[in-house]
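Taking it in order: structure first as structure tokens, then the write-up.
Excluded from the calculations below are hydrogen atoms, water molecules and symmetry mates; all remaining heavy atoms, backbone and side chain alike, are included. To find a chain, count down the sequence lines: A is the first, B the second, and so on, and within it residues start at 1.
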Amino acid sequence: MRQSKTFIPTLKEAPNDAVVPSHILMLRAGLVRMLSAGVYSFLPMGYKVIKKITEVIREEMDAIGGQEFHLPALNPIEIWEETDRVKAFGDTMFHLKNRDYVLAPTHEEIMTYHARRVLQSYKELPQVWYQIQTKFRNEARPRSGVIRGRQFLMKDSYSFDASWEDLDKSYDSHAAAYRRIFERCGLKFFVVGASSGAMGGTGSEEFMVRSAAGEDTVAHCESCGYAANSEVATSVIQALARDSESKDIFEISTPNIKSIDELSAFLSINESQCAKSRVYIVNGKEPVLVLMCGNDEVNETKLEKIFSEVRPAHPEELQNLTGAEAGSIGPLGFKGRILADLRLKDRNNLYSGANKNEYHIGGIDMVRDVPSAELVDLRIVQPGEGCPNCGANIDVFPAIELGHIFKLGTRYSEAMGARFLDVNGKDHPLIMGSYGIGLERVMACFVEQNHDDFGIIWNKELAPMQVHLIGLNMKKQEIADECERLYSELTTLGLQVLFDDRKDAQPGFKMKDADLLGIPIQIIVGERKIKEGLLEFKLRTDSVKLDVALTDVVGKVKEFYSV
RNA sequence: CGGGGCGUAGCGCAGCCCGGUUAGCGCGCCUGCCUUGGGAGCAGGAGGCCGCAGGUUCGAAUCCUGCCGCCCCGACCA
């Protein structure tokens with residue numbers, strides 16, 4: 001491609017709206033432009049990268065027996081009502097105004113719809129069906145450029161098996177394919193145990209990339225590799241011993257004391273001697289009091305595993321249930337189920353709210369005074385706590401979710417009546433898995449991890465083009481001639497060459513552009529070297545310009561790309 | 001959806017508080033000359049519904065009201 005005739009609108013300055021590095025660089029390098037919040041157009045160079053990612057994914061999906069589909073994004077709403085997911089998605093699903101259609105945010109229903117019409121016998125199983133296609137989600141707040149969009153590309157696949165053992169195989173082969181895909185895409189990633197959330201199902205893992213722009217929080221152990229989404233992460237933390245002597249309970253006036261910090265300061269005690277109370281309404285009606293040690297935060301995802309639906313109680317509800325406001329609630333006299341975090345097991349001489357405004361109670365003994373408390377792990381893991389596997393210090397940081405794999409089981413096949421006959425002629429629901437990869441996130445995460453002050457540093461797999469041939473002064477005949485010769489030779493070999501043949505651009509301009517765009521190999525043809533029969537060969541990864549004889553450069557490119 | 005910020009040329013910004021000639025600056029763009037090893041120089045030029053609508057005023061980019069858009073924090077996130 002001749003750069004003089006290619007649309008690559010690079011920017012010297014970063015647009016004001018872009019904040020994260022990948023967003024800034026994708027705009028500056030002329031890869032993407034925004035159309036509307038969370039809706040992006042891919043320009044020629046950016047789309048080439050998307051196509052490279054697509055190729056990698058296709059190869060690896062085909063290698064595990066995946067069959068590529070292309071399903072419609074425009075779906076009749078009735079299909080989504082079969083699984084009650086119109087309600088589950090709520091406002092996140094786009095609805096059309098002038099017909100009863102929705103824009104698909106994912107495709108479990110549509111794949112299951114086809115499966116139930118086609119798959120009838122165990123002999124036809126397993127099946128792995130996938131597609132690379134546009135998804136629509138009406139995100140309340142799109143952000144970080146292409147990382148969280150309202151329209152995005154997803155590779156989604158679905159497995160249909162006759163047994164749970166076979167589902168494990170389909171799931172494991174996806175997990176392995178995902179590792180190969182992300183490795184080939186040059187990403188430093190890790191896999192975490194995750195919550196299957198509203199997707200339902202029995203098991204799930206996420207493929208994550210550490211990034212300040214991430215929206216998930218993960219706990220990760222450097223030494224043994226334990227990793228989990230903080231929604232489900234656990235940790236070991238030094239157990240707090242029971243005092244040898246239990247005091248009797250006593251009431252204390254605590255005017256204006258609301259938080260644990262204020263309470264521990266007021267009483268000159270350690271925060272871990274306080275039991276914090278939070279009241280939740282579960283399954284729409286039942287009040288549950290959750291007791292946490294000191295300032296420990298409640299992990300609501302863990303609560304949701306116990307009760308399917310959980311929300312904090314409103315202030316009026318608190319008043320009705322306990323007779324007190326949020327800062328003065330405690331377990332004694334609470335009418336309802338009480339859950340306590342494991343850290344409070346067997347503790348005594350604790351302080352908590354008195355269920356009377358401006359009063360707290362001391363001398364609480366969990367064994368003696370709150371015998372009904374169910375002890376469960378409910379904490380949000382904090383950095384520095386012990387890894388549940390090896391005990392080393394655990395790290396907690398933000399990350400971007402690149403891919404997510406789920407063992408769905410029979411949730412969708414049951415709801416939609418997608419059944420097959422086993423060897424005995426007995427019918428069963430298909431056992432399903434679903435597996436997704438966000439293509440834009442692969443691209444953005446790569447840029448997040450592979451850039452320097454000058455621009456993007458593509459690897460061989462994802463680079464929009466393979467070679468950047470730069471003629472420094474195209475008005476000089478000998479430079480133009482040499483560039484043309486090289487361009488023709490390299491393209492004849494089947495290499496993708498971007499040829500900067502612009503006549504007016506200054507050398508510095510061209511080199512800045514090349515570094516921004518980040519094609520792996522730069523071949524720089526300039527007056528200074530050509531007189532000696534040389535040109536410069538630069539790898540974007542190391543920035544070293546190597547003098548190479550005109551006659552040797554094609555060989556070096558062939559070697560680099562193994563062609 | 002709550003909180004905050006911003007909206008002036010393709011991009012980055014000034015002007016607004018305190019209303020008043022023809023709305024400026026840098027980069028980019030066009031023409032010509034010149035220049036060619038890290039985003040050159042000179043000269044000339046084009047490009048604005050000052051986000052939109054309404055209001056106040058003799059007069060609004062500037063003051064007031066409403067709306068829209070974008071960004072950030074939070075909530076949400078299959």
Quiz item: Base, sugar-phosphate, or nothing for D515(A), non-hydrogen atoms under 4.0 angstrom?
Solution: base
Across every strand shown, the nucleotide meeting Watson-Crick or G-U wobble geometry with C67(B) (both distances under 3.5 Å) is G51(B)
C30(B) and G69(B): how far apart are their P atoms, nearest whole angstrom? 34 Å
Which class fits the ring pair H220(A) and F397(A): parallel under 30°, tilted 30 to 60°, perpendicular over 60°?
-> perpendicular
Query raised in the report: Do we see a donor-acceptor contact under 3.5 Å between the side chains of E206(A) and N229(A)?
Result: yes
Smallest heavy-atom separation, L318(A) atom then A313(A) atom, equals CD2-CB, 4.0 Å
Considering only the C1' atoms, how many Å lie between A46(B) and A53(B), rounded to the nearest integer? 31 Å
**Q.** Mutual orientation of the aromatic rings belonging to Y178(A) and H174(A) [parallel < 30°, tilted 30-60°, perpendicular > 60°]
**A.** perpendicular
Report yes if a donor N or O on one partner sits less than 3.5 Å from an acceptor N or O on the other, where the partners are the side chain of E536(A) and the base of G37(B); otherwise report no.
yes
Applying the 3.5 Å cut-off to both distances, the Watson-Crick or G-U partner of A40(B) turns out to be none
Quantified in whole Å, what is the P atom distance between nucleotide G51(B) and nucleotide G15(B)?
-> 15 Å
When both distances are under 3.5 Å in a Watson-Crick or G-U wobble arrangement, the nucleotide paired with G24(B) is C13(B)
Polar atom pairs between nucleotides 41-44 of chain B and protein, under 3.5 Å, N or O only, would you list them?
none

- Message: Taking donor-acceptor contacts at under 3.5 Å, does the side chain of K476(A) reach the base of U36(B)?
- Response: no
Quiz item: Is a donor-acceptor contact shorter than 3.5 angstrom present between the side chain of K503(A) and the base of U36(B)?
Solution: no
**Prompt:** Between C72(B) and G26(B), how far is it from one C1' atom to the other, in whole Å?
**Reply:** 27 Å
D296(A) side chain vs R379(A) backbone, donor-acceptor pair below 3.5 Å:
no
Exercise for the section: Would you please indicate yes or no on a ring centroid separation below 6.0 angstrom for F406(A) and Y412(A)? Expected result: no
Scan K510(A) against the nucleic acid and name what it touches under 4.0 Å (heavy atoms): base, sugar-phosphate only, or nothing.
nothing
With sequence neighbours left out, the residues meeting salt bridge (charged side-chain N to carboxylate O under 4.0 Å, His left out) with D261(A) are none
In this structure, CG of D452(A) is separated from CD1 of I457(A) (nearest 0.5 Å) by 4.0 Å
| Has D542(A) got more than 12 heavy atoms of other residues, nucleotides or ligands less than 6.0 Å from its CG? | yes
Comparing P15(A) with T92(A), nearest RNA chain B nucleotide closer to 5' gives the residue P15(A)
Looking only at G38(B), U36(B), G39(B), the nucleotide nearest the N473(A) side chain is U36(B)
When rounded to the nearest 0.5 Å, the distance separating CD1 of I181(A) from CD1 of I437(A) is 4.0 Å
Per side-chain contact (heavy atoms from CB on, under 4.5 Å), L31(A) is matched among I456(A), I8(A), L43(A) by I456(A)
Could you tell me whether the side chains of S159(A) and Y435(A) share a donor-acceptor contact shorter than 3.5 Å? yes
Only one of L539(A), L517(A), D515(A) passes side-chain contact (heavy atoms from CB on, under 4.5 Å) with Q522(A), and that residue is D515(A)
Aromatic ring pairing F499(A)/Y487(A), orientation class (parallel under 30°, perpendicular over 60°, tilted between): tilted
Q. How far does the P atom of G24(B) sit from the matching atom of G47(B), given to the nearest Å?
A. 13 Å
B/S/- along nucleotides 68-73 of chain B (protein heavy atoms under 4.0 Å) is --SSBB
Per atom distances to the R148(A) side chain, the nearest of G37(B), U35(B), C77(B) is C77(B)
| said: Can you check the distance between G28(B) and C71(B), where both ends of the measurement are the C1' atom (answer in whole Å)? | reply: 24 Å
Considering only the P atoms, how many Å lie between U57(B) and C50(B), rounded to the nearest integer?
23 Å
D161(A) (side chain) donor-acceptor with P126(A) (main chain) under 3.5 angstrom | no
d(I380(A) CD1, K302(A) NZ) to nearest 0.5 Å is 8.0 Å
What N/O pairs connect the protein and nucleotides 25-30 of chain B at under 3.5 Å? Give each pair on its own line.
{"from": "G26(B)", "atom 1": "N2", "to": "E13(A)", "atom 2": "OE1", "distance (Å)": "3.2"}

Should R485(A) and E482(A) count as an ion pair when the cut-off is N to O under 4.0 Å? yes
Rounded to whole angstrom, note down the P distance from C77(B) over to G4(B).
24 Å
Sorted by number, residues from residues 516-535 of chain A placing a heavy atom under 4.0 Å from RNA chain B are L516(A), G526(A), R528(A), K529(A)
Would you tabulate the pairs of protein nitrogen or oxygen atoms and nucleotide nitrogen or oxygen atoms of nucleotides 47-52 of chain B closer than 3.5 angstrom?
none

When rounded to the nearest 0.5 Å, the distance separating CD of Q3(A) from CE of M474(A) is 11.0 Å
